[in-house]
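The chains referred to below are lettered A, B, ... by the order of the sequence lines, with proteins before strands, and numbering in each begins at 1. Source: prediction; values computed, not measured.
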Amino acid sequence: MFSSGLFTETFMVHAWMGGTMVAVLCALVGFFVVMRDSAFVAHTVPQAGFAGGAGAVFLNVNPLYGLSVFAVGGALLIGYLGTRERNDVATALILVAALGTGALFLGLTNKYATGAYALLFGQLVGVSSEQIVTTAILSLICLLALAFLYRPLLLASVSKEIAQSRGIPVRWVEMCFMVIVGLTAAITVPVVGALLCFSLLIGPTAVSILLTSSSEKVMALSLLFSVLTVWLSLILGYYSGWPIGFFVSIIGAILYLAARSIKLFRYKTRALFPHHAR
Amino acid sequence: MMDWAAGKDDPVLALDNISVQFDKRCVLKNVNIRVYPGEFIGLIGSNGAGKSTLLKVILGLLSPTQGTVQVGGPADGKGERLMGYVPQKLFLAPDIPLRGRDLVALGLDGHRWGIPLFSKERKRRVSEILEAVDAARYADAPVGQLSGGEQQRLLIAQALLTDPQILLLDEPLSNLDIKSAYEVIQLVSRIGREKGIAVILVAHDMNPLLGVMDRVVYLADGKALMGQIPDVFRSDVLSDLYGYPVEVLNVQGRIMVVGGRNFENNGYPREAICCESNEVL
Amino acid sequence: MTADRVRGERVKNKRVNTNMKDDDLSYLKVVRKTGVQGRRVEGRGVLLAILVALTSISLLGGCGTQSPTAKVTPSTREKSVLAVGAENEYADVIRQIGGKYVSVTAIMSDPSVDPHSYEADTRDASIVSKATLIVQNGLGYDDFMNKLEAGSPHSGRVVIDVAQALGYSENTANPHLWYKPETMPKVAAPIAKDLERQLPSEKPYFEDQLTKFNDSLKTWHDDLNQLHKAYGNTGVAVTEPVADYMLEAAQLQVKTPWGFQAAVMNGTDPSPQDVKIQQNLLIDKQVKVLIYNQQAVDSATTALLQLAKRHGIPVVGVYETMPPNHTYQTWMEDEATNLLKALKSGVSTETLK
Amino acid sequence: MTRLGELLFAPGFFQSAEVTRALLLGSMVAAISGLMGVFVVIRGQAFIAHALADFGGAGAAVAFLVRINPVWGFLTFGVLAATGVEFLGKRAGERDLSTGIVLSVALGVESLFLYLDTHYTGHAGAPMLILFGSIFLVAPFTVPIIMALTVTTGVTLDLIYRPLLLSSIDPELARIRGVPVQAMSLIFVILLSLVVEEGSLMMGALLSISLLIGPAAAATHLTHRMGWAMLWSALLGITAMWMGIVLAYDSFYWPPAGRGWPVSFFICVLVLLFYLLARLSSQRSQVKVRVARKCDA
């Protein structure tokens, strides 16, 4: 069914590993991103990494360090500045400021610096084995931290007041979550790029919440969708030679539309039998 | 109504001489409140009277400038654990991935670190409490799509699962229609009585509470008065509290609190609270 | 685990086979990660346990049946070396040296590609993973090649990094090295060397081709000499530093400030002072020709082109990668000729046919 | 006096034609962005505003492939995507997520078309360059487009001002009063996409967004009256634009000498600064709570 290179070529093996890890991480972090209505943050944080990359090129250090510093720093700043109501404004301004700083670094660099742009795209077919190891370790750390924060974070996302009244250090929990988002971006962007990082954070959970409302099921479903999306994209990308990013976002969109129509259908049946629906 | 003071020497909540000052403005002045197990207390006051500040003090989210707060027995330091809190309203997107059941379960262990482990006990307690608040019907629907009254019930169930000695409800009635408001009050008072939980219910309108309240805390201008309804709603007492003449009128079996001096203000009283009651005071 | 160990052993065997005299290649960046992968996997076994679980399915599919990298050893492919040029001009040079004995792929391939936003796809990765000879520019111009190579480590692969081969430091500002007349001979020689290593029996052929290639550059060099003699020190304006090395070789004077060139190259906003200088170059006719990057036309470039036309200054479009229907030599010759035409008779040439 | 002038404005500032033009066009874009921005902020649509710029990038990539002027790609895609977001996310809570979905599709399409561009035509790269743009080097043909767009959006905004305001603040009330809230919302998003694409075209998506959101966000902290907020916002936007241009001009003589610092950087940072200052000035009440906590300890 599949030509053998799909699973045996070293770069494809690396792509499967890296892609799967990133898909798992993004699906779980994405659950909370959607829960907290932070789609914009998920878009911003990976992009803020660009400025870090540009800065690293300017200072002649490893772009990955720049990326990590700016992604985590940007996430923390958003967490610090953003209140619940005006979160989007703070996020937008942080994004703009980060990109502006990127422009400065690019502008001051004398040499060819478009490697900073390359950071935004990532290279799923160019993942080294060292990168696999770092990705694995950092993903594990992120997932453990997320598991540790799980219940308080969930409660704080539902109602800050209740969480505070229960003695949860809400501010601290939220900041930790922002660090997790920043780290996720720093892990994911070099593997699949800023665009896919964003798609994977938002897409699978957005699809899942249309199908079920139980937290656990949403998480399980989005994990499934996320991993499936990446795998399918890898297969399609391998045979067509088209960019994997395109497939990930298009599969995400198709899943989303499908889920929406399922929901619409269910809604109509529910209207006919109102008491059996739930 | 139950006899609130009989045989219960230890208050479950004691506020002594609480004052809160922001800059130079006094928001609360020497407030003294004692709440005993099983009581239903209405915390009544108009906007700006200091209700939310008092609430924050009780919850331990705000330390008062002066005075002491004691929750539970005298030696118990873990105030917040003994307090079930029901916020005014949830601000949730309609598609938030959370069922009513999940929300209620957070009452059980939402403050603990780590992932919840599946246990039958946990499931049983959640189902039990959902039955108790009569919310089992919509427990599997997304929280964001429920009505205000339905959300309110879930929040109450959530708060009850913390095994509180005090249930604190912040203006639960302000977003509800008359029928839901009535149901929520009945529910809370029934559960409070059954389990011996003290209920503090914040409201700016005391009408719906009159049948179930044991005592009332009346807040005006940062000052608080606590007592039974006939003791508080007296012209001399309230005049003293407001610092200007107020009259409590009994019109056809109803109580009206009418601001005295300001009748010249277009013929309307500046502040009037109209109380309805079956009891003749 | 098994699969990796098997691969590690095979890799070791292969090193014995391909062990060659490479003393004179010592100035090249020769990537030969022999056996490294096998050892690393064993060393970090604990850390990788999770990953192995994740990918066991995919590995199972492959380890028993087929060996991933053995497919393209020279002996199994009828004396054909699989080679990759990161940019198509380098691929073209490999093709010219290797002739029928190489199968060359350009990653940034025909017709033309802008490297600014290049993202490699699975086919590129697949080809890189199999190639035994790779030529890439370096200087951050084709960073994706490093990633692709790291993504599929390969023992017998020789990577010629042109910038390193020519001894440029990492801080070299202008990465468009192939416009420098002396670059390609210095690239062609190691290519020939490596091909000889891989196919020792065809050594005379490769040497012959190398000589032919070096000789064929003469026309272009002559054109540049002609430019130098007739128009040495003539002022020219550019948008990007694409063809700067060629202009320098002809001793034309690039009057555009470097700040402007770098800003356009990196896609940031040029400073107003630089813009003013650049525009005045055209308005006051301080330059005889405007040379622009045909492949990355943005609004800033458009504005300059219109200005140049208004003031009767000819424009010459140059290409960042080799245009279709050209070889490296004809491409360079054509651009030099176009430049000459523009200087001589004020004729604009925007595209190469 | 002259020396002070020279200190503030590096030599040649006022003689430079490109600076003059940048100031003029920039002020125009800053003003219209500032006015629109207030609505963006009170409607909580910063994410859409930002996403619109990215949609434009996808449009430009398509335009390159079919070889039409990228301006049209920009505008068409912006308007199309805006409409898509509007239809997908009808309720406020859904809007962020549906913006995200549409954005991710747009970016995916962009990456496909970039790929096709690079494989089938010689012209790519420009979509990347659109992030920063060059305000000092505006292609002459864009000037009339920018003017026309500014006038169009300005006039339309003026026409729908009151119903738009009402439906932004209280959609329920607006519906009762007979305002077609859905239509308002759609018209606004289309207007927004025009403003964003116009700004992106002239000086890059980055500056367009920062001028749209920053000054307006600062203005809403300074005053609670709509008219004043719009005035403040436009003024702050123009100020940031002017200061940014002056600084960018002067920075040519800063280290490393001969490399002007990009104007995008200055304007973005200034806008953030304005926002933070405005926030600080209106944040007294939160400081009070902290004081109260201290008293007890």
| request: With side chain to side chain contact (heavy atoms under 4.5 Å, CB included) as the test, would you mind laying out the steps for Phe198(A) and Leu103(D) before giving the verdict? | output: CA-CA 9 Å; Phe198(A) 170 62; Leu103(D) 176 57; 3.8 Å; yes
Value rounded to 0.5 Å, distance of [atom1] in [X] from [atom2] in [Y]:
X         : Y         : atom1 : atom2 : value
Phe47(D)  : Asp88(A)  : CZ    : CG    : 10.0 Å
Ile94(A)  : Tyr275(D) : CD1   : OH    : 9.0 Å
Leu206(D) : Leu95(A)  : CG    : CG    : 7.5 Å

| message | Below 4.5 Å, heavy-atom pairs only: which of Ser199(A), Gly252(A), Gly203(A) has the largest tally toward chain D? | response | Ser199(A)
| request: Would you mind checking which part of Val269(D) comes under 4.5 Å of any heavy atom in chain A, side chain (CB onward), backbone (N, CA, C, O), both or neither? | output: neither
| query | So which part of Leu276(D) gets closer than 4.5 Å to some heavy atom of chain A, the side chain, the backbone, both or neither? | reply | side chain
| request: Taking all non-hydrogen atoms of both residues into account, name the closest pair between Ser249(A) and Ser104(D) and its distance. | output: CB-O, 3.2 Å
| said: Quick check: closest heavy atoms across Val96(A) and Cys268(D), and the distance to 0.1 Å? | reply: CG1-SG, 3.2 Å
| What residue in Ile213(D), Ile101(D), Val105(D) has the most heavy-atom pairs under 4.5 Å with chain A? | Ile101(D)
| said: Working note: Leu81(A) + Arg279(D), criterion side chain to side chain contact (heavy atoms under 4.5 Å, CB included); need CA distance, chi angles, decisive distance, verdict. | reply: CA-CA 10 Å; Leu81(A) 283 180; Arg279(D) 228 176 100 142; 4.2 Å; yes
| Checking heavy atoms, do the side chain of Ile209(A), its backbone, both or neither come under 4.5 Å from chain D? | side chain
